[in-house]
Peer 1: 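Handing you this structure, nothing more for now.
Letters A, B, ... are given to chains in the order of the sequence lines, protein chains preceding strands, and every chain is numbered from 1.
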There are 2 protein chains.
Amino acid sequence: MLKSKSNAPSPTEAIYERLWDAIAERNLRPGTRLKEEQLAEIFAVSRARVRSALAALERDGLVRLVPNRGAFVAEPTIREARDIFFARATIESKLVERLCAHASTGAINRLKAHVAEERAAAERCDRAAAVRLSGGFHLLIAELAGSPYLFEVLRDLVSRTSLITAMYQPRGEKDCGPDEHEDIVSKIACGDVEAAKLAMDHHLDHIERQLNLAQSDEGPRHLREILS
Amino acid sequence: MLKSKSNAPSPTEAIYERLWDAIAERNLRPGTRLKEEQLAEIFAVSRARVRSALAALERDGLVRLVPNRGAFVAEPTIREARDIFFARATIESKLVERLCAHASTGAINRLKAHVAEERAAAERCDRAAAVRLSGGFHLLIAELAGSPYLFEVLRDLVSRTSLITAMYQPRGEKDCGPDEHEDIVSKIACGDVEAAKLAMDHHLDHIERQLNLAQSDEGPRHLREILS
DNA sequence: TAAAGCAGGATTGTTGACAATCTGATCCCG
DNA sequence: CGGGATCAGATTGTCAACAATCCTGCTTTA
């Protein structure tokens with residue numbers, strides 16, 4: 001996994017992040033071909049570094065690597081999408097349970113502060129921030145629950161969920177606001193384990209239900225234009 | 001993730017597998033330094049390929065990569081070890097539950113056949129096969145439960161467990177035989193969800209309890225000698 | 001004497017060029 | 001006119017040499 005060096009993000013990470021953003025914000029649509037040389041030129045780095053960034057993105061399920069063919073933005077199938085949500089429910093339910101078991105007031109406050117940030121971003125209509133913060137909420141739960149390993153797995157799952165959302169959620173549909181997150185936090189604050197788990201399950205189920213099977217059919221756009 | 005191409009394993013995978021085996025069979029002890037050039041010479045491949053294999057091993061938690069310093073066989077802490085077992089319990093419990101829900105007779109038969117293989121390997125005292133099959137049992141459950149994503153996560157967890165076992169299980173201690181696996185299978189065959197989940201939890205807990213905190217303190221051995 | 005400074009050697013990180021492979025269009029033949 | 005072989009162009013995969021970095025042991029100096 002990519003190390004999260006707090007101060008200095010490695011060059012590979014930087015490319016990883018920029019591509020991640022472009023995909024999650026729906027600017028790079030599923031199926032788009034990612035040519036190594038092209039990316040190397042755009043980001044002004046060597047091809048080798050692009051390669052390692054693409055390898056990392058493949059590990060997180062955002063990119064599909066075909067031998068001798070190249071890299072493409074992944075196109076998760078409906079079946080895979082449902083599997084991702086199953087995995088999320090499995091893991092997040094347990095994390096909520098564990099968090100309830102020993103939730104400090106500090107933890108509750110961090111959760112509340114995060115939801116407030118989400119609300120602010122939603123009101124600004126800052127899509128990029130909203131997507132990032134929405135995923136961040138779930139990661140925060142994993143962090144506070146105290147399982148570094150499941151935190152990493154969930155980070156992966158959240159990335160994949162972003163891609164799935166970009167692919168299957170109708171463009172008109174508004175992202176789920178911070179209301180359900182707030183609900184989950186309040187249940188955790190009460191210390192009601194079962195209610196909190198149900199709230200999380202319901203939340204994930206709600207996101208899953210918003211998906212539809214019709215794929216977007218806009219024309220392709222040029223990499224150079226999207227990645228500024 | 002490494003693609004599991006059924007017929008032709010890629011060269012990178014081949015190196016990955018050989019190092020994995022060496023670590024899981026306790027020939028390469030935690031903390032051992034893995035020099036790129038040395039490995040390249042031993043495996044008769046280029047350094048670039050060793051690099052990508054080491055990157056894959058780091059992703060699976062078997063190797064620690066230090067910038068400008070090199071690669072070392074990972075040394076999971078006690079805390080990390082316990083976290084791995086927590087993650088396994090979380091995931092495998094759910095997988096067993098799901099498998100019980102729709103366990104075909106074909107699935108049961110595959111499980112029984114696998115346990116039989118395990119028993120045969122144990123009687124041959126074939127340690128390498130025993131380690132591989134023991135992990136394979138858990139992976140088979142994930143496969144039969146029908147969650148490709150959690151299968152991949154569990155593959156990772158099993159690798160890490162091998163390393164933890166190599167590091168913290170006293171050498172005298174015999175590996176858990178196939179008895180507990182057989183117990184789990186029988187509970188699944190009965191369709192008793194709760195009993196099956198309990199059996200799995202107990203099995204994992206049993207493995208975890210066998211760990212001790214004293215590290216092995218044998219002298220280092222030479223890479224060339226171990227990797228034949 | 002001990003600690004800081006300074007090469008020397010070894011190891012990793014990076015780059016650019018070369019080889020292998022695939023795609024797509026053209027051309028030939030039935 | 002249609003189908004299959006063939007060749008050019010483009011793209012990925014691999015490699016070997018070069019640059020940057022780090023550890024080790026020695027030297028110097030207070």
Side-chain angles (χ1 to χ4, degrees), chain A residues 1-5 7-19 28 30-59 62-75 220-224 226-227, chain B residues 1-19 28 31-59 62-75 220-224 226-227:
Chain A
M1 317 224 159
L2 287 176
K3 298 182 207 55
S4 50
K5 210 185 295 180
N7 41 3
S10 81
T12 298
E13 273 180 59
I15 298 168
Y16 178 99
E17 293 289 344
R18 283 186 71 178
L19 283 171
L28 275 179
T32 304
R33 181 162 191 184
L34 302 170
K35 296 179 194 173
E36 293 182 355
E37 204 162 4
Q38 201 174 0
L39 294 173
E41 196 187 342
I42 293 172
F43 292 130
V45 298
S46 71
R47 243 184 65 207
R49 204 160 288 175
V50 171
R51 271 180 90 77
S52 71
L54 288 174
L57 283 162
E58 191 205 20
R59 171 180 59 72
L62 292 176
V63 157
R64 184 169 47 100
L65 248 47
V66 183
N68 288 319
R69 287 291 318 285
F72 303 82
V73 177
E75 302 175 275
R221 289 163 64 182
H222 286 294
L223 282 187
R224 199 174 303 273
I226 291 168
L227 298 169
Chain B
M1 316 216 164
L2 287 176
K3 296 182 207 57
S4 50
K5 210 186 292 180
S6 52
N7 40 4
S10 81
T12 298
E13 272 179 61
I15 298 168
Y16 178 100
E17 293 289 342
R18 283 187 69 180
L19 282 171
L28 277 178
T32 304
R33 180 162 192 183
L34 303 170
K35 296 180 195 175
E36 295 183 353
E37 204 163 4
Q38 202 174 0
L39 294 173
E41 195 187 343
I42 294 171
F43 293 131
V45 297
S46 73
R47 243 185 65 206
R49 204 162 289 176
V50 171
R51 270 179 91 75
S52 70
L54 288 174
L57 284 162
E58 190 205 21
R59 173 179 58 72
L62 292 176
V63 157
R64 184 168 49 99
L65 248 48
V66 183
N68 288 319
R69 288 291 319 283
F72 303 81
V73 178
E75 302 175 275
R221 290 162 64 182
H222 285 296
L223 282 186
R224 200 174 303 274
I226 290 168
L227 299 170

Peer 1: Within a reach of under 6.0 Å around CD of B:Glu17, are more than 12 heavy atoms found that belong to other residues, nucleotides or ligands?
Peer 2: yes

Peer 1: Distance check needed: D:dT14 C1' versus A:Glu36 CD, whole Å only.
Peer 2: 12 Å

Peer 1: Show the nearest heavy-atom pair for residues B:Ala55 and B:Leu65, with the distance to one decimal.
Peer 2: CA-CD2, 4.4 Å

Peer 1: Quickly work out the A:Lys35 NZ to D:dG13 C1' distance and round it to whole Å.
Peer 2: 17 Å

Peer 1: Would you say the side-chain atoms of A:Arg59 pair up with the backbone N or O of B:Ala56, donor to acceptor, closer than 3.5 Å?
Peer 2: no

Peer 1: With a 4.5 Å limit on heavy-atom distance, are the side chains of A:Leu34 and A:Leu28 in contact?
Peer 2: yes

Peer 1: Hey, is the side chain of A:Ser46 poking within less than 4.0 Å of OP1 or OP2 on C:dT15, counting only N and O atoms?
Peer 2: yes

Peer 1: Salt bridge check: are B:Glu36 and B:Arg51 linked by an N-O gap of less than 4.0 Å?
Peer 2: yes

Peer 1: Without decimals, in angstroms, what is the distance between B:Leu54 CG and C:dT11 P?
Peer 2: 15 Å

Peer 1: Would you mind reading off the distance between B:Glu37 atom CD and C:dG13 atom C1', rounded to a whole angstrom?
Peer 2: 13 Å

Peer 1: What is the minimum heavy-atom distance between A:Val63 and A:Ala71, and which atoms define it?
Peer 2: CG1-CB, 3.9 Å

Peer 1: Could you run down the sub-3.5 Å N/O contacts of the protein with nucleotides 19-21 of chain D?
Peer 2:
unit_1: D:dT21; atom_1: O3'; unit_2: B:Asn68; atom_2: ND2; d: 3.3

Peer 1: How close or far is atom P of C:dT23 from atom CZ of A:Phe72, stated in whole angstroms?
Peer 2: 9 Å

Peer 1: Establish whether the base of C:dG13 is bridged to the side chain of B:Arg69 by a donor-acceptor pair shorter than 3.5 Å.
Peer 2: no

Peer 1: Rounded to whole Å, how long is the line connecting atom CZ of A:Arg51 with atom P of C:dT15?
Peer 2: 14 Å

Peer 1: Taking N and O atoms by type only, does the side chain of A:Arg47 place a donor or acceptor under 3.5 Å from a partner on the base of D:dG13?
Peer 2: yes

Peer 1: Using atom CG of B:Leu65 as one end and atom P of C:dT12 as the other, report the distance to the nearest whole Å.
Peer 2: 10 Å

